[in-house]
Amino acid sequence: QVQLVESGGGLVQPGGSLRLSCVASGFTSEHYAIGWFRQAQGKQREGVACVLMSYGTTFYADSVKGRFTISRDKSKNTAYLQMNALKPDDTAIYSCATLSGVSALLRLPSPNEYDRWGQGTQVTVST
């Protein structure tokens with residue numbers, strides 16, 4: 001059974017950095033994608049970034065391009081989200097999700113395309 005576990009959230013000052021990790025256990029194939037999402041209080045869930053685990057293809061939301069980097073370690077079934085130059089507007093619960101059975105992506109998938117979700121980790125950017 002596939003399980004997702006996020007880690008790495010916390011409190012950081014504006015301009016600081018954090019790295020989130022998402023371990024996806026239970027996959028027997030490399031043909032899946034991991035996406036990161038965030039949901040701030042009172043706002044809709046927003047797709048942040050996605051990585052295709054087989055080839056490493058990446059996609060980003062415009063709001064994080066140039067500041068966030070998604071990467072993956074296939075051997076560990078893990079995706080990372082390096083977040084730099086953090087702003088107070090980045091404060092949210094960050095969750096990862098998997099999109100199974102894909103070997104190619106042409107765009108950042110929408111949230112309803114993902115099939116499994118982690119519990120989320122809180123990221124707070126504040127002085």
Side-chain angles (χ1 to χ4, degrees):
Q1 186 173 353
V2 174
Q3 290 187 326
L4 303 177
V5 178
E6 304 101 333
S7 62
L11 173 64
V12 63
Q13 292 188 344
S17 299
L18 280 175
R19 189 175 85 151
L20 306 182
S21 299
C22 173
V23 180
S25 60
F27 274 98
T28 58
S29 167
E30 65 177 13
H31 297 298
Y32 66 102
I34 294 181
W36 281 101
F37 296 82
R38 64 185 181 185
Q39 188 165 19
Q41 194 169 8
K43 295 187 178 181
Q44 287 190 335
R45 178 180 286 166
E46 175 190 16
V48 173
C50 177
V51 61
L52 190 62
M53 295 300 282
S54 54
Y55 299 112
T57 311
T58 59
F59 296 91
Y60 296 93
D62 289 343
S63 58
V64 304
K65 280 181 181 176
R67 299 189 299 124
F68 291 11
T69 302
I70 190 169
S71 60
R72 97 290 191 214
D73 185 331
K74 286 197 298 183
S75 66
K76 297 180 180 179
N77 281 357
T78 300
Y80 305 97
L81 186 67
Q82 178 67 42
M83 306 185 294
N84 298 329
L86 283 162
K87 308 173 184 178
D89 283 350
D90 295 317
T91 295
I93 295 174
Y94 284 71
S95 303
C96 66
T98 54
L99 175 57
S100 305
V102 292
S103 57
L105 285 175
L106 300 179
R107 55 170 174 78
L108 187 66
S110 60
N112 61 8
E113 295 182 80
Y114 289 82
D115 41 54
R116 290 176 179 87
W117 291 81
Q119 293 297 314
T121 184
Q122 177 70 46
V123 171
T124 303
V125 185
S126 175
T127 56

message = Between C22 and T78, is the side-chain contact (heavy atoms from CB on, under 4.5 Å) condition met? List the steps.
response = CA-CA 5 Å; C22 173; T78 300; 5.7 Å; no
S25 side chain near Q1 side chain, heavy-atom distance below 4.5 Å = no
request  = Might you point out which heavy atoms bring Q39 and R45 nearest each other, and give the distance in Å?
outcome  = NE2-N, 3.8 Å
ask   = What's the verdict on side-chain contact (heavy atoms from CB on, under 4.5 Å) for S95 and E6, showing C-alpha distance, side-chain angles and the deciding distance?
value = CA-CA 7 Å; S95 303; E6 304 101 333; 3.7 Å; yes
ask   = Between SG of C50 and CD1 of I34, what distance do you get to the nearest 0.5 Å?
value = 9.0 Å
message = How about NZ on K74, more than 12 heavy atoms from neighbouring residues, nucleotides or ligands closer than 6.0 Å, or not?
response = yes
query = In terms of hydrophobic clustering (I, L, V, M, F, W, Y; side-chain heavy atoms under 4.5 Å; direct or indirect links), are L4 and Y114 co-clustered?
reply = no
inquiry  = Would you say that C96 contacts F37 through its side chain, given a criterion of any heavy-atom pair below 4.5 Å between the two side chains?
reply    = no
ask   = Would you say the side chains of D115 and Y32 form a donor-acceptor pair under 3.5 Å?
value = no
request  = Verify the cluster assignment for Y94 and V23: are they in a single hydrophobic cluster under the rule of side-chain heavy atoms below 4.5 Å apart?
outcome  = no
Nearest heavy atoms of R72 and S54, plus distance in Å = NH2-O, 3.2 Å
ask   = With the 4.5 Å side-chain cut-off for hydrophobic clustering, are I93 and I70 part of the same group?
value = no
query = Hey, does M83 have a side-chain heavy atom less than 4.5 Å from the side chain of T69?
reply = no
key: Contact summary for L105 and A33, nearest pair of heavy atoms   = CD1-CB, 3.9 Å
inquiry  = So, applying salt bridge (charged side-chain N to carboxylate O under 4.0 Å, His left out) with R67, which one of D89, D90, D62 is it?
reply    = D90
remark   = In short, T127 meets P14 closest at the heavy-atom pair CG2-CD, 3.7 Å
key: Donor-acceptor pair, side chain of T121 and main chain of G9, under 3.5 angstrom   = yes
ask   = If two hydrophobic side chains count as joined below 4.5 Å and joins carry through other members, does L99 share a cluster with L81?
value = no
ask   = Do W36 and F68 have ring centroids that are under 6.0 Å from one another?
value = no
key: Approximate separation, where rounding is to 0.5 Å, of S103 OG and H31 NE2   = 6.0 Å
task = Please report the shortest heavy-atom distance between V125 and T91, naming the atom on each side.
result = N-OG1, 2.9 Å
key: Residues Y80 and R19: side-chain donor-acceptor under 3.5 angstrom   = no
message = Can you confirm whether the side chains of N84 and S17 place a donor and an acceptor under 3.5 Å from each other?
response = yes
request  = Please lay out, stage by stage, how E113 and R107 fare under the test salt bridge (charged side-chain N to carboxylate O under 4.0 Å, His left out).
outcome  = CA-CA 12 Å; E113 295 182 80; R107 55 170 174 78; 2.9 Å; yes
ask   = Under a single-linkage definition using a 4.5 Å side-chain heavy-atom cutoff for Ile, Leu, Val, Met, Phe, Trp and Tyr, are V51 and F27 assigned to the same hydrophobic cluster?
value = yes
ask   = If we only count heavy atoms from C-beta on, is the V102 to L52 side-chain gap below 4.5 Å?
value = yes
ask   = Roughly how far apart are L20 CG and R38 CZ, rounded to 0.5 Å?
value = 11.0 Å
query = Do E46 and S63 have side-chain N/O donor and acceptor atoms under 3.5 Å apart?
reply = yes
